[in-house]
A.B. asks: 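Handing you this structure, nothing more for now.
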Amino acid sequence: MSIAKTYNPKEAEDKWYSYWMENGFFRSIPDEREPYTIVMPPPNVTGVLHMGHMLNNTIQDVLIRRARMQGKNACWVPGTDHASIATEAKVVAMLKEKGINKKELTREQFLEYAWEWKEKYGGIILKQLEKLGASCDWDRTRFTMEPDLSDAVIDTFIRLYREGYIYRGVRMVNWDPQGRTALSDEEVIRREVNQTLYYVRYAVTGNADGAPSYLTIATTRPETIMADTAICINPNDPRYTHLKGKTARVPLINREIPIIEDEYVEMEFGTGCLKVTPAHDLNDYELGQKHNLEVIDILNDDGTLNEKAEILVGEDRFKARKAVAKLLEEAGQLEKTEPYQSQVGFSERTDAAIEPKLSMQWFCRMQELAKPALEYVLNGDVKLIPDKFINTYRHWMENIKDWTISRQLWWGQRIPAWYNAQNDWVVAKTEVEAVSLFQAEGKSADGIRQEDDVLDTWFSSGLWPLSVFDGTRHPDNADVQYYYPTNDLVTAPEILFFWVARMIIFGHEYTGKPPFKNVYLTGIVRDKLGRKMSKSLGNSPDPIELMEQYGTDGVRVGMLLSSPAGNDLMFDVAYCEQGRNFANKIWNAFRLVKGWEIADIPATSAQQEAARWFGNRFNQALHEIEGHFAAYRISDALMATYKLVWDDFCAWYLELAKPAYQQPIARETFETAKTFFASVLRLIHPFMPFISEELWHDELFGVRAEGDCCIVAEYPQAGEYDEKLLTDFVALQQVISEIRNLRNTKQLSPKTALPLAIHATSDIDFARYAESIQKMATISEITFAVQKPSGVASFLVGKDEFYVDVAQNIDVEAERERISKEITYLEGFLKSVNAKLSNERFVQNAKPEVVANERNKKADAEAKIKLLEGSLASL
RNA sequence: GGGAGCUUAGCUCAGCUGGUUCAGAGCACCUGCCUUACAAGCAGGGGGUCACUGGUUCGAACCCAGUAGCUCCCA
């Protein structure tokens with residue numbers, strides 16, 4: 001097999017991914033094992049992989065691979081979402097390029113184009129996930145608009161309608177004039193925008209002599225004055241008492257409107273007079289309802305003015321704004337303008353400014369449905385990770401509003417409502433059923449037609465954890481019984497309400513259970529300047545290119561290293577580089593072991609001690625790693641793994657076990673090293689699936705049986721470990737490090753062996769480690785002394801003294817200074833300890849073990865000072 | 001305007017129920033090494049008034065109040 005000096009990921013990646021697929025390792029079918037299930041947040045079917053997907057799916061893959069290795073029946077369900085607005089917008093744009101206007105097409109014709117588009121671009125993102133190594137059960141791939149899932153959506157609509165949750169009504173909705181559809185509140189992004197505040201004069205009719213014949217109103221939307229149906233003043237406003245009961249005339253069109261009074265008007269804002277435009281502003285609409293005002297809607301669906309505006313008919317709303325301002329100025333009715341900043345809503349999908357618009361829509365009543373969904377999170381049945389999101393979730397669920405579920409689009413599930421010629425309507429799955437429903441109500445079904453609108457995409461994604469297992473239609477089927485509720489959901493906090501909350505709601509509605517136990521909320525991937533990565537900014541690296549450059553394992557490690565739970569991550573390719581380097585480190589460690597020549601000789605003391613220590617250290621680290629996983633601290637789990645492999649395994653274990661130059665290795669040590677290596681491979685597999693699988697199959701391990709793969713090997717289980725042995729070894733490492741440092745500061749070559757004398761008073765058995773010290777610190781011989789020899793450098797580890805004969809290199813002055821410094825430090829330390837111990841209140845109030853600990857510290861410090869003073873004297 | 005959160009080394013972040021002179025990790029940086037596993041490396045090292053001000057306590061990065069700056073969510 002390969003002995004290349006650097007790891008070449010590309011070959012391994014293609015090879016092993018297809019091998020896993022061929023062997024069905026990703027496949028899951030219900031059996032007697034414990035299930036572990038994740039449903040993938042379905043990406044937009046026509047989308048491409050971005051950094052957010054990479055992060056999200058890497059985490060899911062780590063969780064699923066680990067569960068699989070732990071012997072659970074791991075099932076990761078992939079799929080895509082039809083994303084109605086986004087996809088329809090793309091198709092419309094594509095048609096436009098071809099010179100086809102959507103309006104000229106029938107619904108059927110349009111959908112044909114849309115499906116064609118979906119077929120062409122639909123699979124891209126899933127292919128990209130394969131490159132990432134995602135071990136999903138591809139046989140279970142679902143699409144929210146495939147027949148079964150659409151069926152589930154329609155059934156759910158009918159079910160909720162029959163239960164009284166769904167209704168139809170005229171409401172002020174967020175209208176996207178570009179997408180020509182209503183949007184839910186969550187799809188509207190508010191941004192601070194620089195605007196102009198126009199001060200417009202309205203003529204007042206029937207005013208008494210002497211009073212001004214006009215009033216002034218401040219508005220950011222002069223183009224809507226033609227839709228004004230009242231002027232409103234605050235009844236407590238002394239400036240406007242003369243206006244009470246009067247009427248005013250709308251400028252330019254001279255329509256007469258009443259002046260009404262309502263405390264809603266803020267006297268401080270603008271002029272204190274408010275124009276009331278019920279058709280084009282939510283607050284005005286409510287005011288209009290209260291005061292029974294007429295509603296005049298002057299806008300078409302595409303944002304142009306209609307004939308009710310009387311002037312500028314057909315003009316776009318923003319052009320009309322400027323035109324009206326100009327006309328007002330010419331008419332002398334524009335008093336002044338001033339710059340003004342305010343929040344404006346924009347469509348998440350098309351970025352068009354949202355127009356509040358009255359329209360007939362379908363709604364889902366949410367208040368009652370939200371209650372159990374909130375309860376699950378509050379009582380911990382559904383855990384949000386990190387839990388700081390519980391508050392946000394609660395706030396939203398407690399203030400939830402009805403959900404606008406209809407969208408004026410064609411791409412999506414068509415609402416199962418049917419109208420007759422008289423516009424009466426019924427809700428039914430089929431036309432035949434609808435006809436009989438009409439008849440049952442004694443109404444004619446003549447001219448029957450289906451509702452044109454489709455359902456919000458989130459309505460179908462809300463069913464996702466159930467519908468992928470066909471759980472809405474066949475609640476008793478084996479899959480849903482086995483896999484539902486799923487275990488973990490990994491998604492972005494931005495869609496906690498859009499999606500997560502609705503899945504919980506629907507899950508409860510159908511099964512009385514929440515759809516998952518844990519929701520891991522990842523952060524947003526930002527660039528190192530903290531800006532969100534986006535196509536328009538061009539600050540996002542191409543994930544595929546990254547994987548080409550650093551290897552998939554490297555990129556996976558890079559993503560996770562920079563990703564503490566729940567925090568946004570400041571991505572930098574340097575992390576991927578670190579990941580690549582890590583893979584390369586493992587590769588080279590493997591080359592070392594592979595290169596050993598085996599002989600039937602006894603293991604050296606260093607080799608024996610190394611094996612004894614690493615076995616314990618591995619178990620200790622495994623406990624830490626388990627703890628991190630249990631708390632979903634994936635990046636900490638990875639970092640602990642990284643340090644275990646790089647520092648403990650490579651820098652300490654292998655260095656100790658390594659035979660002398662051109663010497664063979666004891667068979668026993670070789671076998672142990674191989675066993676450790678195999679454990680390391682199993683441990684890193686969830687993070688680095690490719691290199692671990694590649695090495696797993698190396699001939700070093702002999703011929704692997706069919707199906708003996710790292711992906712399904714048993715995940716290492718944390719065993720017992722000897723704490724004393726591990727702390728002793730830490731002291732040993734300190735000794736070695738001190739000697740190396742000594743050599744470094746004295747500018748001695750690392751090759752010259754130095755003699756070491758040890759004066760140990762602790763219970764650490766240094767004789768046992770003598771050979772290890774010699775090997776790691778290049779020591780010629782070790783003696784055990786009682787007294788400090790003269791003319792040597794010394795250092796202290798714990799209570800034990802070490803003397804290194806650095807020959808003539810001893811600089812007495814420097815040594816004196818170093819020791820004095822250490823004494824000063826210890827004296828300071830001792831002082832602070834004594835201060836505590838002589839403080840009666842401390843001794844009385846502090847916990848006994850804390851006090852005892854302070855006494856130990858005191859004794860230790862005193863002993864050390866004594867030793868150091870001895871050293872100083874002997875210089 | 002309402003709500004949530006953040007501020008610890010040059011960067012990204014740990015620091016659990018206050019208790020070692022508690023300030024830690026990775027990366028970056030500095031010094032010396034091409035020591036036949038790895039320069040994508042090895043060995044060693046430096047670096048922080050824990051945003052600021054006050055309080056509680058024997059003791060505060062940690063608890064409380066206020067100030068400043070930043071982020072997110074909702075209106």
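Labels below follow one simple rule: chain letters A, B, ... track the order of the sequence lines, proteins then strands, and each chain is numbered from 1. Given the structure is predicted, the values throughout are model-derived calculations rather than measurements. Heavy atoms only: backbone and side chains are in, while hydrogens, waters and symmetry mates are out.
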A.B. asks: Please confirm whether the shortest side-chain N or O distance from R526(A) to OP1 or OP2 of C70(B) is below 4.0 Å.
C.D. replies: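 Checking R526(A) against C70(B): no side-chain N or O falls below 4.0 Å of OP1 or OP2.
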A.B. asks: What pairs with N839(A) under side chain to side chain donor-acceptor pair (under 3.5 Å), at least two apart in sequence or on another chain?
C.D. replies: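 Here no residue qualifies.
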A.B. asks: If I pick the P atom on G41(B) and the same atom on A28(B), what distance separates them, to the nearest angstrom?
C.D. replies: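 Result for the P pair: 8 Å, nearest Å.
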A.B. asks: In Å and rounded to the nearest 0.5 Å, what is the CD1 to NZ distance from I390(A) to K383(A)?
C.D. replies: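 The NZ atom of K383(A) is 9.5 Å from CD1 of I390(A), to the nearest 0.5 Å.
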A.B. asks: Please state whether the base of C58(B) and the side chain of K836(A) form at least one donor-acceptor pair under 3.5 Å?
C.D. replies: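 For K836(A), whose side chain was compared with the base of C58(B), there is no donor-acceptor pair (under 3.5 Å).
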A.B. asks: Does G3(B) have its OP1 or OP2 closer than 4.0 Å to a side-chain nitrogen or oxygen of N391(A)?
C.D. replies: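 It does not, given that no N or O in the side chain of N391(A) lies less than 4.0 Å from OP1 or OP2 of G3(B).
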A.B. asks: S737(A) near the nucleic acid: base, sugar-phosphate alone, or nothing, with a heavy-atom cut-off under 4.0 Å?
C.D. replies: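 Sugar-phosphate, backbone atoms only, no base.
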A.B. asks: Return yes if a side-chain donor-acceptor contact under 3.5 Å exists between T6(A) and N584(A), otherwise no.
C.D. replies: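 No, no side-chain donor-acceptor pair sits under 3.5 Å.
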A.B. asks: Side-chain N or O of N744(A) less than 4.0 angstrom from OP1 or OP2 on U31(B)?
C.D. replies: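 It does not, given that no N or O in the side chain of N744(A) lies less than 4.0 Å from OP1 or OP2 of U31(B).
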A.B. asks: Think K585(A) has a side-chain N or O under 4.0 angstrom from the OP1 or OP2 of A40(B)?
C.D. replies: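 For A40(B), neither OP1 nor OP2 has a side-chain N or O of K585(A) closer than 4.0 Å.
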A.B. asks: Among C74(B), U20(B), C38(B), which nucleotide sits nearest the side chain of H395(A)?
C.D. replies: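 Closest of the options to the side chain of H395(A): C74(B).
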A.B. asks: Using a 4.0 Å heavy-atom cut-off, does N584(A) contact any base of the nucleic acid, only the sugar-phosphate backbone, or nothing at all?
C.D. replies: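 Base contact.
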A.B. asks: Would you mind telling me which of G19(B), G44(B), C74(B) lies closest to the side-chain atoms of N741(A)?
C.D. replies: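 Among G19(B), G44(B), C74(B), the one nearest the side chain of N741(A) is G44(B).
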A.B. asks: Could you check whether R502(A) makes a cation-pi contact with W403(A), meaning its NZ or CZ is under 6.0 Å from the centre of the six-membered ring and within 45° of the ring axis?
C.D. replies: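 Cation-pi check for R502(A) and W403(A): passes.
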A.B. asks: By the 4.0 Å heavy-atom rule, please label Y642(A) as base, sugar-phosphate, or nothing.
C.D. replies: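 Sugar-phosphate only.
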A.B. asks: When we call it a touch if two heavy atoms are under 4.0 Å apart, what does A589(A) touch: a base, just sugar-phosphate, or nothing?
C.D. replies: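 Base contact - A589(A) has a heavy atom under 4.0 Å of at least one base atom.
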A.B. asks: Is any side-chain nitrogen or oxygen of K401(A) closer than 4.0 Å to OP1 or OP2 of C74(B)?
C.D. replies: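 Indeed not, no polar side-chain atom of K401(A) lies that close.
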A.B. asks: Between C38(B), G26(B), A40(B), spot the one nearest the side chain of Y575(A), thanks.
C.D. replies: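 For the Y575(A) side chain, the nearest candidate turns out to be G26(B).
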A.B. asks: Students often get this wrong, so: under 4.0 angstrom with heavy atoms, is E655(A) touching a base, only sugar-phosphate, or nothing?
C.D. replies: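 Result for E655(A) = base.
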A.B. asks: Tell me whether the OP1 or OP2 atom of G5(B) has a side-chain N or O from T392(A) closer than 4.0 Å.
C.D. replies: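 The answer is no; no side-chain N or O of T392(A) sits under 4.0 Å from OP1 or OP2.
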A.B. asks: Under 4.0 Å, heavy atoms only, any strand: does K5(A) hit a base, just the sugar-phosphate, or nothing?
C.D. replies: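 The answer is sugar-phosphate, as K5(A) gets under 4.0 Å only of primed atoms, P, OP1 or OP2.
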A.B. asks: Pairing of RNA chain B as dot-bracket, 5' to 3': ( ) intra-strand, [ ] crossing, | other strand, . unpaired, with Watson-Crick or G-U pairs under 3.5 Å?
C.D. replies: (((((((..((((.....[....)))).(((((.......))))).....(((((..]....)))))))))))).
A.B. asks: Report yes or no: do N518(A) and Y632(A) form a side-chain donor-acceptor pair below 3.5 Å?
C.D. replies: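 The criterion, which ignores hydrogens and geometry beyond distance, is satisfied for Y632(A) and N518(A).
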A.B. asks: Relative to the 5' end of RNA chain B, which residue comes earlier, N839(A) or M639(A), by the nucleotide with the nearest heavy atom?
C.D. replies: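 This one resolves to M639(A).
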A.B. asks: Quick check for you: to the nearest 0.5 Å, what is the distance between I691(A) atom CD1 and I684(A) atom CD1?
C.D. replies: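 If we round to the nearest 0.5 Å, I691(A):CD1 and I684(A):CD1 are 6.0 Å apart.
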A.B. asks: Quick one: does R580(A) reach the base of A40(B) with a side-chain donor-acceptor pair under 3.5 Å?
C.D. replies: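 Check passes, donor-acceptor contact within cut-off.
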A.B. asks: Does W596(A) reach a base, just sugar-phosphate, or nothing at all? Heavy atoms under 4.0 Å.
C.D. replies: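 The answer is nothing, as W596(A) stays clear of every strand by at least 4.0 Å.
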A.B. asks: RNA chain B: Q747(A) or K751(A), which has the more 5' nearest nucleotide?
C.D. replies: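 Result: Q747(A).
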A.B. asks: Do any side-chain nitrogens or oxygens of K658(A) fall under 4.0 Å of OP1 or OP2 in A37(B)?
C.D. replies: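 Answer is yes, contact under 4.0 Å.
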